[in-house]
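This report concerns only the one structure given below.
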Amino acid sequence: MDLSSPLKHLNPLSPSDFSFSSSLSPFSFFKNPNSRKPISQSSRIFAVTINPSELPRSSPQRLLKELNERKKTAFPKKKIPPKRFILKPPLDDAKLADRFLNSPQMSLKAFPLLSSCLPSNRLNTGDKTWIDEYLLEAKQALGYPLEPTELLGDDNPAKQFDTLLYLAFQHPSCERTNVRHIRSGHSRLWFLGQYVLELALAEFFLQRYPRESPAPMRERVFGLIGKRYLPKWIKAASLHNLVFPFDDMDKLIRKDREPSVKSVFWALFGAIYLCFGMPEVYRVLFEVFGMDPDDESCQPKLRRQLEDVDYVSVEFEGNKLSWQDVAVYKPPEDTLFAQPRLFRACVPPGMHRFRGNIWDYESRPQVMQALGYPLRMTDRIPEITDARNIELGLGLQLCFMHPSKYKFDHPRFCFERLEYVGQKIQDLVMAERLLMKHIDAPGRWLQEKHRRLLLNKFCGRYLRDEHLHRFILYGESVQDSYEHNRRLRNPATTAVQQAIHGLSYTVYGKPDVRRLMFEVFDFEQIQPKAV
């Protein structure tokens, strides 16, 4: 086809009479706006290709193209972040103050930990709907009175139980989890509840089996509250319809069933602990859920046991404690310790044979000075103070007694049982600290923060920073290897540090564990350091 013939008809027209917009298709007609006569069929143009560089410098098309090229180099296309990470403009001071002052988290000055676990906003109509429909069923299954707890006095922590029980069932797969204050409130409850369960069962098994090492105890705990066993307990308490109101729990696959059940189970015990304390945790575990510590499913595997020839305390001899004995136990009025029976379960009576040895004379005063012991106590009888200090010194010697020293002849003359309870109380104290310090943080963030603060390598390092690792008692055969091999020494120092927390908890109680963790060892690393 000869393309020159149609162009002959365009000679009388000036170039300004044509529009070369890129939006025109190759089959568009080009008309002369000044001419009333339509262009004939022979003057139709099928395709026009213009090089932008040949356009005049003031041409709009050339300017647009240059601008696009400049944008590509100056502002390269970036990946847009997910919507949840886009920062919102900050609230002004008045709105921010109003939000915090009206938050339920700021309403309870007498119970700071409980207050920090309340939802950040007041419950709305959607929350009230769930409470009206399901809450009575949950309270009946758990064995609580059906009356609203809001009618209780302000000085009773159980007043908030209805709110916390509602939060405990709002697991990440339910319909209400999209609401921020519900999602965050539930995750903070399960973050606390997991450590409450671990400490409760550790104390129970230490007193129930006073001669056993921690390894079989950990297996017993896993057999009761391991993730794969929790759906069985939820169904035994008839709570499965509240966790999965629209699904049959037995027909769900494990990855859809177990995370939700675990989340609800942990959050439930976080709420119970905050409102009623540790005795109620034992009641719900063993009475409502029907856990049996003698059941075949939670027995430890058979292992070679070292012969234990040493005595146990009189209250344990020939007497296997039940959960009721542990739950209702109250120390006598003039007792030596905050947790006397737990102390007797971890520190064997035979430790008195080490009283007056070289470590007792040379190392004990230095260790007690570094830890700030003994604490000033107001006892009615001065002899009680002296007896407590003697037992404290023997407990400290046990904390520094490595298993290589006496374990093969006397299985309980080492720090293992104190280390076990120390791990659990350390986890719970740090969890409570983080909840009160970060009242707006979700549970998963707190979990990661908790894990990073309590890494084993850090626990041992804090003990070495205080130069207390020099007082650890090793067996003669391994003394050199432990003192000069970092891979052996560091886990040993971690265990000693946790054993000290366990001893502190049994002798003086949880406040002293806080003092050791945040003032002596400075777990949060916020205190000024000597240059």
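All heavy atoms count here, side chains included; hydrogens, waters and symmetry mates do not.
The shortest side-chain heavy-atom distance between Cys174 and Phe169 does not fall under the 4.5 Å cut-off.
Under a cut-off of 6.0 angstrom, the local environment of CD in Gln527 is crowded, with over 12 non-hydrogen atoms contributed by other residues, nucleotides or ligands. In the displayed structure, Leu146 atom CG is contacted under 6.0 Å by more than 12 heavy atoms of other residues, nucleotides or ligands. Atom CD of Gln140 has 12 or fewer neighbouring heavy atoms from other residues, nucleotides or ligands inside a 6.0 Å radius. Arg452 CZ: 12 or fewer foreign heavy atoms inside a 6.0 Å radius. Within 6.0 Å of atom CG in Asp154, 12 or fewer heavy atoms from other residues, nucleotides or ligands are found, so the atom counts as exposed in its surroundings.
Looking at residues two or more places apart in sequence or on another chain, you find no salt bridge (charged side-chain N to carboxylate O under 4.0 Å, His left out) involving Lys232. Looking at residues two or more places apart in sequence or on another chain, you find a ring-ring contact (aromatic ring centres under 6.0 Å, His included) between His450 and Phe191, Tyr195. Partners of Arg514 by salt bridge (charged side-chain N to carboxylate O under 4.0 Å, His left out), not counting sequence neighbours, listed by chain and number: Glu432.
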side-chain hydrogen bond (donor to acceptor under 3.5 Å, both in side chains) between Thr493 and Asn490, intermediate numbers included: CA-CA 5 Å; Thr493 53; Asn490 289 5; 4.7 Å; no

Residues Tyr508, Leu392; criterion side chain to side chain contact (heavy atoms under 4.5 Å, CB included); working and verdict: CA-CA 10 Å; Tyr508 292 112; Leu392 175 64; 3.6 Å; yes

Intermediate values then yes/no, side chain to side chain contact (heavy atoms under 4.5 Å, CB included), Arg417 and Leu398: CA-CA 10 Å; Arg417 289 172 69 88; Leu398 185 65; over 6 Å; no

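Phe521 and His501 have perpendicular rings, their planes meeting at more than 60° on a 0 to 90° scale where under 30° would count as parallel.
Taking both residues in full, the closest heavy atoms of Ala338 and Gly509 are given as CB-N, 3.5 Å, listed atom of the first, atom of the second, then distance. In terms of heavy atoms, Tyr166 sits closest to Leu135 at N-CD1, 4.3 Å. The nearest pair of heavy atoms linking Thr149 to Ala158 is CB-O, 3.3 Å. Looking at every heavy atom in both residues, Ile225 comes nearest to Phe265 through CG2-CE2, 4.2 Å. Closest approach of Trp233 to Gly290, counting heavy atoms only: CZ3-O, 3.7 Å.
Taking CG from Asp440 and CH2 from Trp445, the interatomic distance works out to 8.5 Å, rounded to the nearest 0.5 Å. Interatomic distance, NZ of Lys235 versus CZ of Phe289, reported as 15.0 Å (0.5 Å rounding). With rounding to the nearest 0.5 Å, the separation of CD in Glu317 from CG in Asn319 is 10.0 Å. Rounding to the nearest 0.5 angstrom, the gap separating the CD1 atom in Ile384 from the CG atom in Leu336 is 6.5 Å.
Using modelled atom types, one finds a donor on one side chain and an acceptor on the other under 3.5 Å when comparing Asp325 with Ser322. Ser504 and Asp512 form a side-chain donor-acceptor contact under 3.5 Å, judged by distance and modelled atom types alone. For the residue pair His186/Thr177, the side-chain donor-acceptor check at 3.5 Å is not satisfied.
Ion pairing between Lys139 and Asp162 holds under the 4.0 Å rule for side-chain N and carboxylate O. With respect to the salt-bridge test (charged N to carboxylate O, under 4.0 angstrom), the residues Glu448 and Arg444 do not qualify. In summary, Lys262 and Glu258 do not engage in a salt bridge, as defined by a charged side-chain N under 4.0 Å from a carboxylate O. In summary, Arg283 and Glu280 engage in a salt bridge, as defined by a charged side-chain N under 4.0 Å from a carboxylate O. Look at Lys424 and Asp427 and you find no salt bridge, because none of the NZ, NE, NH1 or NH2 atoms lies under 4.0 Å from a carboxylate O. At a threshold of 4.0 Å, the pair Glu391-Arg344 counts as salt-bridged, since one of the basic side-chain nitrogens sits closer than that to a carboxylate oxygen.
Under the ring pair (Phe, Tyr, Trp, His ring centres under 6.0 Å) rule, Phe204 has a single partner from Trp323, Phe286, Tyr329, Tyr209, which is Phe286.
For Phe161 and Tyr144, the ring centers are positioned less than 6.0 Å apart.
Remark: side-chain polar atoms of Arg412 are not paired, donor with acceptor, to backbone N or O of Asp308 under 3.5 angstrom. In this structure, the side chain of Gln497 does not engage the main chain of Phe458 through any donor-acceptor pair within 3.5 Å. Formation of a donor-acceptor pair under 3.5 Å by the Arg220 side chain with backbone atoms of Leu201 is not found in this model. Between the side chain of Gln447 and the main chain of Gly443, no donor-acceptor pair closer than 3.5 Å is present. Counting only distance, with no hydrogens or angles, the side chain of Ser187 and the backbone of Arg183 share a donor-acceptor pair below 3.5 Å. A distance-only check finds a donor-acceptor pair linking the side chain of His171 to the backbone of Val243 [under 3.5 Å].
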